[in-house]
Amino acid sequence: MAGEESSAMAQHGRTTADGRVPMSLLWGAAAAMAASAFTHSVLGERRLVQPLLRIKRGILSSNLPRRVFRFAWHAMAVLMLLSAATVAWPGTPRGLIIVVGAGWLATGLVNAICTGGRHIIWPFLAGSGALALAGALS
């Protein structure tokens, strides 16, 4: 009976009888986070990093800041992928998923406000966070 109850709860998007979070929303959140990472890395390199690194004045006249800037840009994408893995990993504590989801949602909303909604990535950031929160809180 307990196994049937757990299966029925999981199908309806609620926490399973043993307290686990249903995975479908979390897999969606992870996919959106991975898409954000890819978009950030590829489009950001083309549209922001390369044009900025063509400037050879001020702080960008030195190689170290130029290397640090490119490294930090792509390190952010790696951290996005780690967030995706954390959210999708079976058995991740619900509280950690909530923290990650809230961080992504807040980042997306602040990005939207600061850019007047013109930055391409804000819906992915906010959507990723919303999916993670929905998965963790269902």
Side-chain angles (χ1 to χ4, degrees):
M1 176 103 178
E4 293 172 20
E5 179 183 346
S6 174
S7 176
M9 289 178 79
Q11 289 175 356
H12 295 292
R14 288 182 251 144
T15 305
T16 59
D18 60 359
R20 289 180 293 146
V21 175
M23 295 302 294
S24 60
L25 290 170
L26 299 181
W27 278 104
M33 289 173 182
S36 297
F38 180 78
T39 302
H40 174 84
S41 191
V42 173
L43 291 182
E45 175 70 27
R46 287 186 201 154
R47 293 182 170 184
L48 184 67
V49 175
Q50 288 177 5
L52 281 175
L53 293 182
R54 286 188 199 110
I55 299 169
K56 304 225 177 179
R57 295 178 315 225
I59 195 165
L60 293 176
S61 64
S62 174
N63 279 334
L64 180 61
R66 298 163 65 76
R67 289 180 182 153
V68 168
F69 178 67
R70 178 171 270 140
F71 170 79
W73 187 265
H74 294 291
M76 180 61 70
V78 171
L79 294 173
M80 291 173 163
L81 292 172
L82 289 173
S83 289
T86 299
V87 166
W89 199 271
T92 299
R94 177 186 310 274
L96 181 56
I97 296 170
I98 290 169
V99 167
V100 171
W104 277 73
L105 178 60
T107 300
L109 294 177
V110 169
N111 184 302
I113 292 165
C114 290
T115 66
R118 292 184 309 265
H119 189 215
I120 189 173
I121 204 73
W122 83 262
F124 285 95
L125 298 172
S128 298
L131 284 170
L133 287 171
L137 298 172
S138 62

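Here the structure is a predicted model, which means the values were calculated and not measured.
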Residues forming a salt bridge (Lys or Arg N to Asp or Glu O under 4.0 Å) with Arg67, sequence neighbours excluded: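 Result, salt bridge (Lys or Arg N to Asp or Glu O under 4.0 Å) vs Arg67: none returned.
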State the [atom1]-[atom2] distance between [X] and [Y], to the nearest 0.5 angstrom.
X	Y	atom1	atom2	answer
Arg66	Leu53	CZ	CG	5.0 Å
Thr39	Leu125	OG1	CG	9.5 Å
Thr107	Ile121	OG1	CD1	11.5 Å
Ser36	Met80	OG	CE	5.5 Å
Leu52	Phe69	CG	CZ	5.0 Å

Grouping I, L, V, M, F, W and Y whenever their side-chain heavy atoms are under 4.5 Å apart, do [X] and [Y] come out in a common cluster?
X	Y	result
Leu137	Leu105	yes
Leu60	Val49	yes
Leu96	Trp27	yes

Hydrophobic side-chain clustering at under 4.5 Å (ILVMFWY, transitive links): who's grouped with [X]? Put none if nobody.
X	answer
Ile113	none
Val99	none
Val42	Phe38

Salt bridge (Lys or Arg N to Asp or Glu O under 4.0 Å): pairs with one or both residues in residues 32-45, sequence neighbours excluded: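 For residues 32-45: Glu45-Arg70.
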Does the side chain to side chain contact (heavy atoms under 4.5 Å, CB included) test come out yes or no for Ile97 and Leu26, once each step is laid out? CA-CA 9 Å; Ile97 296 170; Leu26 299 181; 3.8 Å; yes
Which heavy atom in [X] sits nearest to a heavy atom in [Y], and how many Å separate them?
X	Y	result
Trp122	Ala112	CD2-CB, 3.4 Å
Ala29	Val87	CB-CG1, 4.0 Å
Ser138	Arg94	O-NH1, 3.9 Å
Gly101	Leu133	C-CG, 3.9 Å
Ala32	Ser128	CB-OG, 3.1 Å

For Trp73, what residues pass the ring-ring contact (aromatic ring centres under 6.0 Å, His included) criterion, not counting sequence neighbours?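 With sequence neighbours excluded, Trp73 shows a ring-ring contact (aromatic ring centres under 6.0 Å, His included) to His40, given in chain and number order.
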A quick test of your reading: do over 12 heavy atoms of other residues, nucleotides or ligands sit less than 6.0 Å from CD1 of Ile120?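 Not more than 12 within 6.0 Å, no.
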Give a yes or no on whether the backbone of [Y] and the side-chain of [X] come within a donor-acceptor separation of less than 3.5 Å.
X	Y	result
Ser41	Ala37	no
Thr92	Thr86	yes
Ser62	Ile59	no

Let's go through Met33 and Leu81 carefully: what are the C-alpha distance in whole Å and the side-chain angles of both, what is the deciding distance for side chain to side chain contact (heavy atoms under 4.5 Å, CB included) to 0.1 Å, and is it a yes or a no? CA-CA 7 Å; Met33 289 173 182; Leu81 292 172; over 6 Å; no
